[in-house]
Amino acid sequence: MNELRQEFKELKGAFVEATGVRPRENNLWPPVIISKEEIDAEVRRLASLPAPADGRRESLIVHPLADPASPGLAPGIQVKLSVLQPGEKTKAFRHNATEVNFCIGGGGHTLVGGRRIEFQQYDVWNHPSYVPYVHANDGKELQVRLTYSNIPLLQQMEVYVYDEDPPAAIVPAGSEKSSAAPDPRRKSPYGLIPIGNDGGLLMPYEMLINPTVVESRPLHFSWAQVKAELMRLCFDLRGGR
């Protein structure tokens with residue numbers, strides 16, 4: 001049986017009168033400031049903890065208006081502070097959220113999507129959805145990272161999925177190709193069908209359930225390279241001065 005299959009008790013829907021009812025106003029979150037001093041103090045606290053079984057010393061940075069069931073710094077964004085001591089590494093993990101990682105202290109490497117990304121302070125890199133990854137600190141300084149993800153949005157939609165024990169092989173995203181012959185029943189012979197003259201298209205069922213895969217790859221933005229480009233841009237905007 002599919003591990004995602006669930007049994008539910010029978011429920012009935014209800015009609016809610018909406019005639020003349022206006023949509024509710026948005027619950028606007030005021031901005032909050034997390035100071036460097038607060039971050040430094042939390043880094044020291046995390047670093048003082050014994051290494052957990054999964055290797056992940058982490059704290060969420062949460063807005064006071066966030067739902068405790070989907071804590072985030074913004075309604076759909078989670079920000080996580082992570083610390084690794086020199087010589088430590090995390091266990092493999094994957095989830096259907098996408099991540100952007102920002103190293104704010106130390107350095108190390110990440111194994112993700114078949115790549116080994118060596119990073120230093122101020123480097124940025126992403127993790128595609130549901131690709132296993134491991135963080136490691138092979139340097140001599142404390143590794144400190146901020147991770148931004150869309151976990152709260154997925155939790156609010158009740159579609160968040162994670163795996164704390166993914167397959168041992170960390171393979172490139174999209175590299176697991178089936179050896180089975182293509183099934184012609186899963187490919188529409190018609191493609192997208194134009195409807196009207198306004199650009200509308202009719203998508204056949206075969207394309208709807210089996211869309212073309214767009215590969216999401218890990219990307220690494222080295223601060224050394226980004227800084228060089230910013231300095232060049234600044235130089236050009238000043239007219240070469």
Side-chain angles (χ1 to χ4, degrees), residues 29 31-40 42-43 46-47 56-61 63 72-90 92-154 170-175 212-241:
W29 291 17
V32 294
I33 295 177
I34 297 92
S35 68
K36 179 182 184 301
E37 290 74 19
E38 291 174 307
I39 293 175
D40 288 344
E42 184 63 11
V43 168
L46 288 171
R56 296 192 289 268
R57 295 185 188 83
E58 302 171 337
S59 291
L60 300 182
I61 303 176
H63 194 284
L73 189 57
I77 301 173
Q78 182 185 94
V79 180
K80 182 171 59 181
L81 178 67
S82 302
V83 170
L84 272 181
Q85 293 279 11
E88 294 181 342
K89 70 176 182 179
T90 66
F93 178 80
R94 66 177 175 177
H95 56 177
N96 64 335
T98 53
E99 295 185 6
V100 174
N101 290 268
F102 178 36
C103 178
I104 62 174
H109 72 266
T110 294
L111 301 176
V112 56
R115 289 189 60 187
R116 178 187 173 105
I117 297 176
E118 303 279 352
F119 61 86
Q120 300 176 349
Q121 188 179 34
Y122 305 139
D123 283 9
V124 174
W125 66 102
N126 74 302
H127 292 176
S129 173
Y130 219 58
V131 174
Y133 62 83
V134 170
H135 296 296
N137 184 356
D138 45 15
K140 298 181 179 179
E141 300 178 6
L142 194 67
Q143 181 191 111
V144 186
R145 289 173 285 104
L146 290 174
T147 302
Y148 300 78
S149 73
N150 60 337
I151 290 176
L153 177 62
L154 299 177
I170 300 180
V171 298
S175 67
T212 302
V213 175
V214 178
E215 182 181 359
S216 176
R217 297 179 292 111
L219 303 173
H220 178 210
F221 298 86
S222 164
W223 170 240
Q225 292 179 287
V226 171
K227 183 179 180 181
E229 293 299 320
L230 292 177
M231 295 302 294
R232 185 173 66 86
L233 178 62
C234 182
F235 184 80
D236 290 344
L237 289 175
R238 291 177 178 176
R241 291 180 294 170

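The first residue of the sequence shown is numbered 1, and numbering continues consecutively from there. In this text the structure is predicted, and so the values were computed from the model without any measurement. Hydrogens, waters and symmetry mates play no part in the numbers below; they use all other heavy atoms, side chains included.
Proximity of Q121 to E141: side-chain heavy atoms (C-beta onward) are nowhere separated by under 4.5 Å. The closest side-chain heavy-atom distance from L73 to I34 is below 4.5 Å. At a threshold of 4.5 Å between non-hydrogen side-chain atoms, the residues F102 and W125 do not count as touching. Looking at Q85 and L142, their side chains come closer than 4.5 Å, going by heavy atoms from C-beta outward. Taking 4.5 Å as the limit, some side-chain heavy atom of P218 sits within range of a side-chain heavy atom of I117. Within the 4.5 Å cutoff, no side-chain heavy atoms of P86 are placed close to those of K140. Residues Q120 and W223 have side chains not in contact (no heavy-atom distance under 4.5 Å, counting atoms from C-beta outward).
The CD atom of E99 sits 6.0 Å away from the OG atom of S149 when rounded to the nearest 0.5 Å. E58 contributes atom CD, which lies 7.5 Å from atom OG1 of T147 (distance to the nearest 0.5 angstrom). Atoms OG1 and CZ, on T90 and R57 in that order, are 11.5 Å from each other to the nearest 0.5 Å. Separating the CD1 atom in I151 from the NE2 atom in H95 is a distance of 5.0 Å, to the nearest 0.5 Å.
Smallest separation of non-hydrogen atoms from H127 and V112: CD2-CG2, 3.9 Å. In this structure, A74 and W29 approach most closely via the heavy-atom pair C-CZ3, 3.3 Å. In this structure, A92 and V134 approach most closely via the heavy-atom pair CA-CG2, 3.6 Å. Taking each heavy atom of R217 and P128 in turn, the nearest pair found is C-CG, 3.7 Å. Across all their heavy atoms, Y148 and L146 have their closest contact at OH-CD1, 3.8 Å. Nearest approach of Y133 to T110, heavy atoms of both residues: CB-CG2, 4.5 Å.
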- Task: Take T98 and N126 through the side chain to side chain contact (heavy atoms under 4.5 Å, CB included) test and state the conclusion after the steps.
- Result: CA-CA 8 Å; T98 53; N126 74 302; over 6 Å; no
- Task: Please report the C-alpha distance between I104 and L81 in whole Å, then the side-chain angles of each, then the deciding distance to 0.1 Å, and finally whether the side chain to side chain contact (heavy atoms under 4.5 Å, CB included) criterion is met.
- Result: CA-CA 10 Å; I104 62 174; L81 178 67; 4.3 Å; yes
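In this structure, F93 places its CZ atom where more than 12 heavy-atom neighbours from other residues, nucleotides or ligands lie under 6.0 Å away. With a 6.0 Å radius and a threshold of 12 heavy atoms from other residues, nucleotides or ligands, Q225 has its CD atom at or below the threshold.
Side-chain contact check for S129 and N96: no donor-acceptor pair (N or O, by modelled atom type) lies under 3.5 Å.
Across R56, K89, R145, a single residue satisfies side chain to side chain contact (heavy atoms under 4.5 Å, CB included) together with H135, and that is R145.
Within the 3.5 Å criterion, the main-chain N or O of V83 finds no donor-acceptor partner in the side chain of Q143.
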